[in-house]
Number of protein chains: 2
Amino acid sequence: MQSAQASTEEPLYSIGAVERDTGLTKDTLRVWERRYGFPTPVRDANGERVYSREQVAKLRTLKRLLDRGHRPGRIIGRSLAELVALADAAPAAAPEPVLAEAPARILALLREHRVAELREELGQSLMRQGLAGFVTETVAPLNRAVGDAWMRGQIEVFEEHLYTETMQGVLRGAIASIPQHGRPPRVLLTTLPNEQHHLGLLMAQAMFTLEGATAISLGTQTPIFDIVLAAASHRADVVALSFSSAYPTVQVADGLEELRAKLPRAVELWAGGTNAGLRRRDLTGVRICDTLEAIAPALAEWRAAAAAA
Amino acid sequence: MQSAQASTEEPLYSIGAVERDTGLTKDTLRVWERRYGFPTPVRDANGERVYSREQVAKLRTLKRLLDRGHRPGRIIGRSLAELVALADAAPAAAPEPVLAEAPARILALLREHRVAELREELGQSLMRQGLAGFVTETVAPLNRAVGDAWMRGQIEVFEEHLYTETMQGVLRGAIASIPQHGRPPRVLLTTLPNEQHHLGLLMAQAMFTLEGATAISLGTQTPIFDIVLAAASHRADVVALSFSSAYPTVQVADGLEELRAKLPRAVELWAGGTNAGLRRRDLTGVRICDTLEAIAPALAEWRAAAAAA
DNA sequence: CGAGGCATTTTGTCCTGGGCAAATCTCAAT
DNA sequence: ATTGAGATTTGCCCAGGACAAAATGCCTCG
């Protein structure tokens, strides 16, 4: 049943479809309409919102800009063309970062969708540098570079997904190939809820495992209550959390404090990652590992203390 | 500031958390409360719903029964024990009363937190059965078993995390060891936003790769628009999506329809997973792979068609 | 007794318009 | 420069009503 002028056949979207498509919740879509006068969906016979293709496109672009730190009130009035221009513009005065040779080559492969070569190149870097060198000198700069490129709009979402997925495969493969001795300390690795970034966790796991510690990873997003349970069940000596820069800065300290309070005294709490919140408040009872290189000395310290006791 | 009896401190869930955990939308949760008197969340200082662990467990079980065709009004009044009995009773064609020997042993290891042995046992099953057999006869039943145990509250969240993480390592290792020939079809694998389950995707990737296809995984949660972009960039012949039972049933058909409309005709769209929504509406232009075993014949068909053209 | 068509119930999604806390911004003061 | 208080922005949640699609029950007719 097409209407008489269905020839133009504009695809129309219900509010649920727009939610799926843009990642903006129904609540947000309604509240924007009320507050900012955009979007302006027409209504169907039943009074329900019907969004046009253009508006969905603009909403999608808006969502991307929000993810990069823009605020809706500031940009929602602009035209789609302006928004696209904004997305392309480099944010503020961030100079094009200079990359070492290998990371630059790898980034180029990612941009050109050469999956097999990308994986190959990563594998070669790994063999050349060893896992520790690979993690600190290739993976960490690459993560930065991919993140930067994403902020600049130079990289599509799916390219970033592909990067994460590929790197995850390489890192996991490397970690699995390290012989496990079951030596102390027993380190429980995870992230708090809403922290989805998996690569930081894997890098840390690699460093811990390389140093001969017994690393047990729960993956991302473990509720605090369950971290405490897990630490007890696995008789963990150390609980290590990773915080990416995408994680809300304020929640870092709160989460660590709460976890610290609920963990037994004897269990140490270590935190690391690129999040700025790790360097703010002084967190008593939490060891901050600013860089991946800080993991080895921290482990050495722990072992010295354990030997003394 | 802990309350006097903070030691018991049950974890509490907001309505948004319950939505994520159970796959029941906020609207549904509120309307059930209004109509059936269940769930009965307490309210926090701000008047917002706070759900207990037990109620979330019951809601999860209810969701599972709904997926099997039960209706909420008929079963919502029963106790969790009754619901579990109902879930166990006659799941039609698949009684599966006794877990095969290996999966049972593996589940026991998980419950006892013997990580090293768990990984070892999984590795041995893999070697014994080969990857295809491992995926269909060990991983798939194990996923079920873990899901069931979780639904009944027999397994902690962190145990489920550990299972997922460990299995992910094993599967990725196995996939990486398959030689890649770059043969067609080129298959792009991912899930839609809000679908976080990674194991289904990895199992599918294993099957595709085993059959000699070129599988490119974007990991989970790729927006529809970006799937379309990725399919073009990677010149995909097939886009394959995975839907776990936690994904809102109704959105399955909608999401697939929308993606189908935006993908070029020449690109096939395949979908699989445990979600009940895959068996509901007739989805034109989408190939449903009910089981992992269905992937091989589907590939064979595609190749036959490609050869004919 | 079975099949098909129609009425009724069930169920999930969408609606409006309001409220609140957390995040962010602004700007003065140290 | 940094900090801190106040103002603003923003997303999520609430209540309770309405409606359409799906499922079920009922009734008639062959």
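Note: hydrogens, waters and symmetry copies are ignored here, and every other heavy atom, side chains too, is used. In what follows, chains are A, B, ... by sequence order, proteins preceding strands, each numbered from 1.
Nucleotide C:dA21 holds its P atom 5 Å from the CG atom of B:Asn46, rounded to whole Å. Taking atom CG of A:Leu66 as the reference point, atom P of D:dG11 lies 6 Å away to the nearest angstrom. Rounded to an integer number of Å, the gap from CD of B:Glu48 to C1' of D:dG11 is 11 Å. At whole-Å resolution of the value, CG in B:Asp67 and C1' in C:dG12 are 14 Å apart. A:Arg49 has its CZ atom 16 Å from the P atom of D:dC19, to the nearest Å. Between the C1' atom of C:dA23 and the NE2 atom of A:His70 lies a distance of 17 Å, rounded to the nearest Å. For A:Ile76 and D:dT10, the CD1 to P distance is 9 Å, given to the nearest whole Å. The distance between atom CD of A:Glu19 and atom P of C:dC15, rounded to the nearest whole Å, is 11 Å.
Looking at heavy atoms from C-beta onward, A:Glu19 lies out of side-chain contact with A:Ile15 at the 4.5 angstrom threshold.
Comparing B:Gly47 and B:Arg74 by the nucleotide of DNA chain D whose heavy atom lies nearest to each, the residue mapping closer to the 5' end is B:Gly47. Residue whose closest nucleotide on DNA chain C sits further toward the 5' end, between A:Gly69 and B:Pro72: B:Pro72.
Residues that satisfy the side-chain hydrogen bond (donor to acceptor under 3.5 Å, both in side chains) test with B:Arg60, not counting sequence neighbours, are absent from this structure.
Between B:Arg43 and D:dA15 there is a side-chain polar atom (N or O) within less than 4.0 angstrom of OP1 or OP2.
We find the NE2-CZ distance between B:His70 and B:Arg64 to be 13.5 Å, quoted to the nearest 0.5 Å. Here the CG atom belonging to A:Asp226 is positioned 9.5 Å from the OG1 atom belonging to A:Thr190, to the nearest 0.5 angstrom.
Listed for the B:Thr274 side chain is a donor-acceptor partner under 3.5 Å among the backbone atoms of B:Ser245.
With 3.5 Å as the limit, one finds a donor-acceptor pair spanning the side chains of A:Ser244 and A:Glu195.
Residues from residues 25-41 of chain B placing a heavy atom under 4.0 Å of any atom in DNA chain C, listed by number, are B:Thr25, B:Asp27, B:Thr28, B:Val31, B:Trp32, B:Arg35, B:Tyr36.
Looking at heavy-atom distances under 4.0 Å, A:Leu24 makes no contact with the nucleic acid at all.
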Atom pairs and distances, donor-acceptor, side-chain atoms in residues 36-45 of chain A, under 3.5 Å, two or more places apart:
{"unit_1": "A:Thr40", "atom_1": "OG1", "unit_2": "A:Gln55", "atom_2": "NE2", "d": "2.9"}
{"unit_1": "A:Arg43", "atom_1": "NH1", "unit_2": "A:Gly47", "atom_2": "O", "d": "2.8"}
{"unit_1": "A:Asp44", "atom_1": "OD1", "unit_2": "A:Asn46", "atom_2": "N", "d": "2.8"}
{"unit_1": "A:Asp44", "atom_1": "OD1", "unit_2": "A:Gly47", "atom_2": "N", "d": "3.0"}
{"unit_1": "A:Asp44", "atom_1": "OD1", "unit_2": "A:Glu48", "atom_2": "N", "d": "2.8"}

